[in-house]
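Working notes, structure below.
Bear in mind that the values here come from a model prediction, so they are computed numbers and not experimental data. One is the number of the first residue; the rest follow in order along the sequence. Each ligand, and each atom within it, is numbered from 1 in the order the structure gives.
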Amino acid sequence: MDIEEKIQLIEEGTLEIIDREELKKVLEKDEPIAYTGYEPSGKIHLGHAVTVQKLKTLQKLGFKIKILLADYHAFLNGKGSVEEIAETADYNKKCFQALGLDETTEYIYGSSFQLESDYADKVYQLATLTTLKRARRSMDQVSRADDNPKVASVIYPIMQTVDMAALDVDIALGGMEQRKIQMLARENLEKIGENVPVCIHTPLLHGLDGDAKMSSSKGNYIAVDDSVEVISKKINKSYCPQGEIEGNPMIEIAETFVYPNQDTLLIKRPEKFGGDIELTKEELLKEFGEGNLHPMDLKNGIKDFLIEFFAPVRKYMEEN
Ligand SMILES: N[C@@H](Cc1ccc(O)cc1)C(=O)O
């Protein structure tokens, strides 16, 4: 595969790559490193699966993958004690493995290197170079709104920046909510003479309730290890207005998980409602957008897809 083809694969389903020219150089390296950090979270859900899917693509292209289980970051963000968070991190690691990242994937706990003197030295350097305003602003979509923010909230983005140097990454991948932190990191790493990674951002999924963001704290997600019954129940209840494409979580799931993995979506219907149909992405968008496909039918197709798509995850979680 030539470099242009690789870039196209990486670009598919992303919102932005900063920047494309730098990515070309990274792709010429022998074993480039890509990373994503995750605050340990009660459940690993479809939102997380968006970046994991992209990491799998990068892995197939020869990247070394590092997954940061960002325990100290979760602690700084008020998610519990470091010990509690470490336990959640172990469970998350198993979920990532179940999602099909191979054995070469490295899982790294933040706390395993974030106390080292070299690390601390870089944090202090960046603390002198970063304005409070910019650090705070970078956290807008990562921490909950707070009228009286803690110092922790400005240490957080600085540490995320130093992670990139400490883990020696060529690509920093994250959802669009990470954008302000990642852009700050690019500027700051350059200032302290560190390698500046290419930043790649993937779209955020709407919650099943139609909320702007799928998130663990809102409970509006499908977890990758949800049972068949739970998937069915959640999909049946989810927001899916007839004829509406924008902000429709069922359409988003089709675009993000169905079509990158298969050409058509099978929708089973009783004969009296027209019988089974198989739709390409273009057909689905047209039929649903024009109001010709009933939300219940779309939901059934998505439900059947997700049940099958995550069957290997449920199996892995049971066996391990
Ligand atoms: N900020 C990320 C977590 C993260 C932490 C440290 C990093 O180096 C990278 C990512 C989140 O919101 O979940």
Side-chain angles (χ1 to χ4, degrees), residues 18 33-52 54-55 58 65-80 82 85-86 88-89 92-93 95-96 105-116 118-120 122-123 126 130 134-146 149-150 152-186 188-189 194-205 212-218 221:
I18 309 166
I33 300 170
Y35 108 116
T36 301
Y38 301 95
E39 282 185 24
S41 148
K43 280 288 174 189
I44 296 301
H45 53 65
L46 289 176
H48 299 101
V50 176
T51 43
V52 172
K54 189 54 69 183
L55 289 174
L58 293 168
I65 303 300
K66 294 185 178 177
I67 290 195
L68 174 64
L69 301 161
D71 48 5
Y72 262 130
H73 280 87
F75 174 68
L76 290 169
N77 210 0
K79 305 282 172 69
V82 176
I85 294 165
T88 312
N92 288 175
K93 177 176 166 184
C95 294
F96 292 130
T105 311
E106 238 187 281
Y107 295 90
I108 304 166
Y109 290 80
S111 55
S112 72
F113 66 93
Q114 288 162 347
L115 297 170
E116 283 170 14
D118 245 18
Y119 187 94
K122 290 188 181 109
V123 170
L126 290 182
T130 312
R134 183 84 188 273
R136 267 304 302 159
R137 211 186 306 139
S138 75
M139 292 294 286
D140 283 351
Q141 294 183 63
V142 169
S143 64
R144 264 175 248 157
D146 188 347
K150 304 275 194 323
S153 70
V154 291
I155 297 177
Y156 186 115
I158 289 179
M159 283 178 54
Q160 186 158 335
T161 303
V162 177
D163 291 342
M164 298 174 197
L167 300 175
D168 198 22
V169 308
D170 298 292
I171 289 186
L173 170 72
M176 201 57 180
E177 80 286 2
Q178 305 298 315
R179 179 171 210 278
K180 286 184 184 165
I181 298 178
Q182 300 232 93
M183 298 311 282
L184 177 62
R186 277 177 60 89
N188 270 343
L189 287 168
E194 294 289 338
N195 181 46
V196 177
V198 173
C199 293
I200 302 184
H201 301 127
T202 51
L204 295 181
L205 296 180
K213 191 182 171 196
M214 182 176 288
S215 84
S216 309
S217 56
K218 291 177 189 150
Y221 57 79

>> At under 4.0 Å between heavy atoms, is it the side chain or the backbone of M159 that contacts ligand 1, or both, or neither?
In response: neither

> What atoms of ligand 1 come within less than 4.0 Å of a heavy atom belonging to G37?
Replying inline: 3 (C), 4 (C), 9 (C), 10 (C)

> According to the interplanar angle, ranging from 0 to 90°, do the rings of Y221 and H45 count as parallel (below 30°), tilted (30 to 60°) or perpendicular (above 60°)?
Replying inline: parallel

> How close does the nearest protein non-hydrogen atom get to atom 13 (O) of ligand 1, and which residue and atom is it?
Replying inline: E39 N, 3.6 Å

>> Regarding T51 and T36, do their side chains bring together a donor and an acceptor under 3.5 Å, going by distance alone?
In response: no

> Using 30° and 60° as the class limits, which term best fits the ring planes of Y107 and F96: parallel, tilted or perpendicular?
Replying inline: parallel

>> How far is atom 9 (C) of ligand 1 from the closest protein heavy atom, and which atom is that?
In response: Y35 OH, 3.3 Å

> Can you find a side-chain donor-acceptor pair between N188 and T130 that sits under 3.5 Å?
Replying inline: yes

>> Only heavy atoms of L68, strictly under 4.0 Å: list the atoms of ligand 1 that pass.
In response: 6 (C), 7 (C), 8 (O)

> Which class fits the ring pair Y72 and F75: parallel under 30°, tilted 30 to 60°, perpendicular over 60°?
Replying inline: perpendicular

>> Distance under 4.0 Å to a non-hydrogen atom of Y156: what atoms of ligand 1 satisfy this?
In response: 1 (N), 2 (C), 3 (C), 11 (C), 12 (O)

>> Could you identify the single nearest non-hydrogen protein atom to atom 11 (C) of ligand 1 and state the distance to 0.1 Å?
In response: Q178 NE2, 3.3 Å

> Among H73, Q160, M139, E177, which residue places a heavy atom closest to atom 4 (C) of ligand 1?
Replying inline: Q160

>> Just to be sure I read this right, does ligand 1 sit under 4.0 Å from the backbone of T36, its side chain, both, or neither, counting only heavy atoms?
In response: neither

>> Treating D71 as the side-chain partner and G110 as the backbone partner, does any N or O pair qualify as donor plus acceptor under 3.5 Å?
In response: yes

